[in-house]
Amino acid sequence: PSNFQFGANNHPSNFQFGANNHPSNFQFGANNHPSNFQFGANNQPSNFQFGAAPSIRSCDSQDLGGFPTPPVNPAVQHQQLPSFPDPVFSLPPVSPVTVGCTYKAHLVHQLTPSEFFLHIEPNHHIEEIMDACNEASRTGVRLASESELSEGQYLLYKAKHDNSWCRGRIKYQGRVHVIKMVFLLDFGNPEKLDITRAMYFPPQLTKWPPAARKCRLADTEPATGGGWSADAIHSFNYEMDETELELLVTSVNPADSSVELEVELTRTDTNRNIAVVLHEADLANYSGRFRHQIQGESRIEKWIDATVDQVQRQDFSPSDGDHSSRLHPDTPPGDGPRAAAAAA
């Protein structure tokens, strides 16, 4: 509708109907010139035209005599880039890390001790990335519909947790009922797509690799076979949140996992290994190189020792009846072989 005009300054004085209001003389445009709006011969809508270089469309009978309505507020109208779908973007590779070396790091998103995301210093350039995203959002072009997106497509996205503009990428979840998610490249957390928070991905944001590095704790497994407990996840997050970490890389791109790095993590303020802390709280089984930090036996190991020693000291005969009351889990280990082995 950019060429749709009501005369000079949109004044209706140039609005005209022909003789007897017959539409054959209906005209629009500066100086009532018909070149900007015309009905064809015999007013057939097949010749309905716009602009100096008109494009032709077909109309049905209901369109005859109807006039296109300009948008109420073109300033907020969604636009579409002429090069849709997006050009194929690629980001630079992440900065390499070396097995056996240590780095400073901060937690940015965690799911479990087997899957979490870190910013590793000094390689993440996160401040530059955030500044560039905010700048790009000022002139960005919003997407009009989810149908314009495909899996793997990059976009500029306004994160829900803090309303900051971030680099994102579309990922599909589910097979029967597919949900479009936005994976935030520089923080690791996924969000369900809200099209009102999405813009086309500007090429200037391809300068940096993803800042978030996907990791897992080395030589650390859940204490139970059913996966990580809620207590283990909560404790892990508590130990790592808002504190500086020392990261020791033990493996890069391990073959048995989708993570990028397998690491040992130590809090710099307490000098305590995170996996050791989880092991001591009976929330994980740890068998890594920092096992020497474990302070004595875990609570489960102490309970087993105490129970075995109690059993060995009791004379269990059929006449004794119920012996369950003789087992006191809180009783410290005695002189049994397990206690002697633990002491040794």
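What you are looking at is a predicted structure, and each value in this text was computed from that prediction instead of being measured.
Applying the side chain to side chain contact (heavy atoms under 4.5 Å, CB included) rule to Asp131 yields no partners; only residues at least two apart in sequence or on another chain are considered. In this structure Ser145 satisfies the side chain to side chain contact (heavy atoms under 4.5 Å, CB included) test together with Ser147, Glu148, sequence neighbours excluded. With sequence neighbours left out, Arg169 forms a salt bridge (Lys or Arg N to Asp or Glu O under 4.0 Å) with no residue at all. Remark: Val252 pairs with Val97, Val99, Val249, Leu261 by the side chain to side chain contact (heavy atoms under 4.5 Å, CB included) rule, at least two apart or across chains. Applying the side chain to side chain donor-acceptor pair (under 3.5 Å) rule to Asp162 yields the partners Ser164; only residues at least two apart in sequence or on another chain are considered. Applying the side chain to side chain contact (heavy atoms under 4.5 Å, CB included) rule to Thr112 yields the partners Ser114, Glu115, Trp228, Ile233; only residues at least two apart in sequence or on another chain are considered.
The structure places CD of Gln173 at 10.0 Å from CD of Glu151, a figure rounded to the nearest 0.5 Å. Going from atom CG of Leu143 over to atom CG of Leu156 covers 10.0 Å, rounded to the nearest 0.5 Å. If you take CD on Glu280 and CG on Leu278, they are separated by 9.5 Å, rounding to the nearest 0.5 Å. Between Cys215 atom SG and Glu260 atom CD the span is 7.0 Å, to the nearest 0.5 Å. The CG atom of Leu245 sits 8.5 Å away from the OG1 atom of Thr266 when rounded to the nearest 0.5 Å. Distance check, rounded to the nearest 0.5 Å: OH of Tyr286 to OG1 of Thr220 gives 6.0 Å.
Leu111 and His109 get closest at one heavy-atom pair: CD2-NE2, 3.5 Å. Of all non-hydrogen atoms in Ala212 and Val108, the two that sit nearest each other are CB-CG2, 4.4 Å. Ala159 approaches Arg197 most closely through the heavy-atom pair O-NH2, 3.1 Å. Shortest non-hydrogen contact noted between Leu283 and Ser235 is CD1-CB, 3.6 Å. Taking all atoms of both residues into account, the shortest heavy-atom contact from Gly140 to Met199 is CA-SD, 3.5 Å. Among all heavy-atom pairs drawn from Leu155 and Ala198, the shortest one is CD1-CB, 3.4 Å.
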Could you list the donor-acceptor pairs under 3.5 angstrom formed between side-chain atoms of residues 187-194 and any protein atom two or more places apart in sequence or on another chain?
from: Glu191; atom 1: OE1; to: Lys160; atom 2: N; distance (Å): 3.1
from: Glu191; atom 1: OE2; to: Lys160; atom 2: N; distance (Å): 3.0
from: Asp194; atom 1: OD1; to: Thr196; atom 2: N; distance (Å): 3.1
from: Asp194; atom 1: OD1; to: Thr196; atom 2: OG1; distance (Å): 2.7
from: Asp194; atom 1: OD2; to: Thr196; atom 2: OG1; distance (Å): 3.3

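Side-chain contact between Val263 and Tyr103: absent, with no pair of heavy atoms (C-beta onward) separated by less than 4.5 Å. When side chains are defined from C-beta on, His279 does not count as touching Phe290, because their heavy atoms never get closer than 4.5 Å. By the 4.5 Å heavy-atom criterion applied to side chains, Thr250 and Asp219 are not counted as neighbours. Using a 4.5 Å cut-off on side-chain heavy atoms (C-beta onward), Ile170 and Ser150 make no contact. Between Phe116 and Leu265 the shortest side-chain heavy-atom distance falls below 4.5 Å. Two residues are said to be in side-chain contact when any heavy atoms from C-beta on lie closer than 4.5 Å; Pro93 and Pro209 fail this criterion. In this structure the side chain of Lys180 reaches within 4.5 angstrom of the side chain of Glu146, judged on heavy atoms.
In the hydrophobic clustering, where aliphatic and aromatic side chains (Ile, Leu, Val, Met, Phe, Trp, Tyr) are joined below 4.5 Å either directly or transitively, Val94 stands alone. By the 4.5 Å side-chain criterion applied to Ile, Leu, Val, Met, Phe, Trp and Tyr, Val277 is assigned to no cluster and stands alone. Through chains of ILVMFWY side-chain contacts below 4.5 Å, Ile179 is grouped with Met181.
In the hydrophobic cluster analysis, where Ile, Leu, Val, Met, Phe, Trp and Tyr join through side-chain heavy atoms closer than 4.5 angstrom, Tyr157 is grouped together with Leu149. Following chains of ILVMFWY side-chain contacts shorter than 4.5 Å, one cannot reach Val259 starting from Leu248, and the two form parts of different hydrophobic clusters. Leu205 and Tyr154 fall within a single hydrophobic cluster, where Ile, Leu, Val, Met, Phe, Trp and Tyr are joined by side-chain heavy atoms under 4.5 Å apart, directly or via other members.
Within the structure, the salt bridge (Lys or Arg N to Asp or Glu O under 4.0 Å) test picks out the following pairs touching residues 238-247 (sequence neighbours left out): Glu239-Arg267. Applying the ring pair (Phe, Tyr, Trp, His ring centres under 6.0 Å) rule to pairs touching residues 245-264 yields nothing, sequence neighbours excluded.
For Lys158 and Ser137, the side-chain atoms include no donor-acceptor pair closer than 3.5 Å. In this model, no donor atom of one side chain and acceptor atom of the other lie less than 3.5 Å apart for Arg291 and Asn273.
Using modelled atom types, one side-chain atom of Arg167 and one backbone atom of Trp208 make a donor-acceptor pair closer than 3.5 Å. Here the side chain of Asp186 pairs a donor or acceptor atom with the backbone of Ala211 at under 3.5 angstrom.
The neighbour count for Lys104 NZ, taken as heavy atoms of other residues, nucleotides or ligands under 6.0 Å away, is above 12. Residue Tyr238 qualifies as open at atom OH: its count of foreign heavy atoms under 6.0 Å is 12 or below. Within a 6.0 Å sphere centred on NZ of Lys171, other residues, nucleotides and ligands contribute 12 heavy atoms or fewer.
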Subject >> CA sep, side-chain torsions, deciding dist, call: Thr102, Leu247, side chain to side chain contact (heavy atoms under 4.5 Å, CB included) >> reply: CA-CA 5 Å; Thr102 59; Leu247 174 149; over 6 Å; no
